[in-house]
Amino acid sequence: MLSGIATIVAVVVAYKVHQNQKLLAQRQLLLPLWDYMSTLSAIDAEDPIAPDVIKVVNTLELVALCCEGGMIDKKVVKRTFSEQFVEHYEQVKRCRSIIPGLKYDGEGLLKQNRAATEFYRYLEQERLAQGRI
């Protein structure tokens with residue numbers, strides 16, 4: 001009987017340690033993402049610069065894929081980058097004409113990056129749900 005209880009306690013402790021290690025590993029990826037997000041330039045919808053647009057879209061996709069794949073804690077990303085993510089996404093989306101050097105406008109480019117689009121929608125739903133009764 002005692003060995004059964006000891007086994008159950010050991011399993012519970014091992015599970016909690018595993019969860020904490022997983023969370024720590026997920027949060028350690030925040031710093032590299034911070035480096036990417038902090039170097040993004042604002043996008044001028046009237047005169048977009050293709051390399052800047054590509055860098056923004058690729059970074060948004062990377063952040064979204066890291067959340068989607070469970071490589072990083074979604075709550076931490078949401079708290080840290082949600083405003084920046086939405087702002088950059090909307091800057092690209094406002095590019096209505098074909099971006100020089102590319103064959104897409106901002107919205108067309110974002111549609112090709114499904115994870116970024118899904119994460120944007122998720123953040124928008126969260127924003128709209130704030131203050132709801």
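All values below were derived from every heavy atom in this structure, side-chain atoms included, with hydrogens, water molecules and symmetry-related copies excluded.
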Would Arg127 and Glu124 pass as an ion pair if we require N to O under 4.0 Å? yes
[Y] and [X], any side-chain heavy atoms less than 4.5 Å apart:
| X | Y | value |
| --- | --- | --- |
| Tyr122 | Glu118 | no |
| Leu109 | Val53 | yes |
| Lys75 | Arg79 | no |
| Phe81 | Leu30 | yes |

Do the side chains of [X] and [Y] join up, straight or via other hydrophobic residues, at under 4.5 Å, putting them in one cluster?
| X | Y | value |
| --- | --- | --- |
| Leu62 | Leu31 | no |
| Met71 | Val76 | yes |
| Trp34 | Val86 | yes |

Could you check whether atom [atom1] of [X] has more than 12 heavy atoms from other residues, nucleotides or ligands sitting under 6.0 Å from it?
| X | atom1 | answer |
| --- | --- | --- |
| Glu46 | CD | no |
| Glu83 | CD | no |
| Tyr36 | OH | no |

Testing the basics here: between [X] and [Y], what is the closest heavy-atom pair and its distance to 0.1 Å?
| X | Y | answer |
| --- | --- | --- |
| Lys74 | Phe119 | CE-CE1, 3.8 Å |
| Leu123 | Ser82 | CD2-CB, 3.8 Å |
| Ala115 | Glu68 | CB-OE1, 3.7 Å |
| Pro48 | Pro100 | O-CD, 3.8 Å |
| Ile98 | Asp105 | CD1-N, 3.9 Å |

Using the test salt bridge (Lys or Arg N to Asp or Glu O under 4.0 Å), find all partners of Arg96 that sit at least two apart in sequence or belong to another chain. Glu107
Lys78: partners by salt bridge (Lys or Arg N to Asp or Glu O under 4.0 Å), with sequence neighbours left out: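 Lys78: salt bridge (Lys or Arg N to Asp or Glu O under 4.0 Å) contacts with Glu126.
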Going by the angle between their ring planes, with limits at 30° and 60°, are Tyr120 and Tyr89 parallel, tilted or perpendicular? parallel
So if I apply the side chain to side chain contact (heavy atoms under 4.5 Å, CB included) rule between Glu61 and each of Asn58, Val63, Leu65, which one comes out positive? Leu65
For Thr59, the option from Asp35, Leu33, Leu40, Ile54 that meets side chain to side chain contact (heavy atoms under 4.5 Å, CB included): Leu40
Which distance, rounded to the nearest 0.5 Å, do you find between the CG of Asp47 and the CD1 of Ile99?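 Answer for the CG-CD1 pair, Asp47 versus Ile99, is 11.0 Å.
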Starting at CD1 of Ile8, measure out to OG of Ser3 and round the result to the nearest 0.5 Å.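 Ile8 atom CD1 to Ser3 atom OG measures 9.5 Å (nearest 0.5 Å).
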Classify the side-chain pair Lys55/Thr39 by whether it contains a donor and acceptor separated by less than 3.5 Å.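 Result is yes, a qualifying pair exists.
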So, does Gln91 use its side chain to make a donor-acceptor pair with the main chain of Ile43 at under 3.5 Å? yes
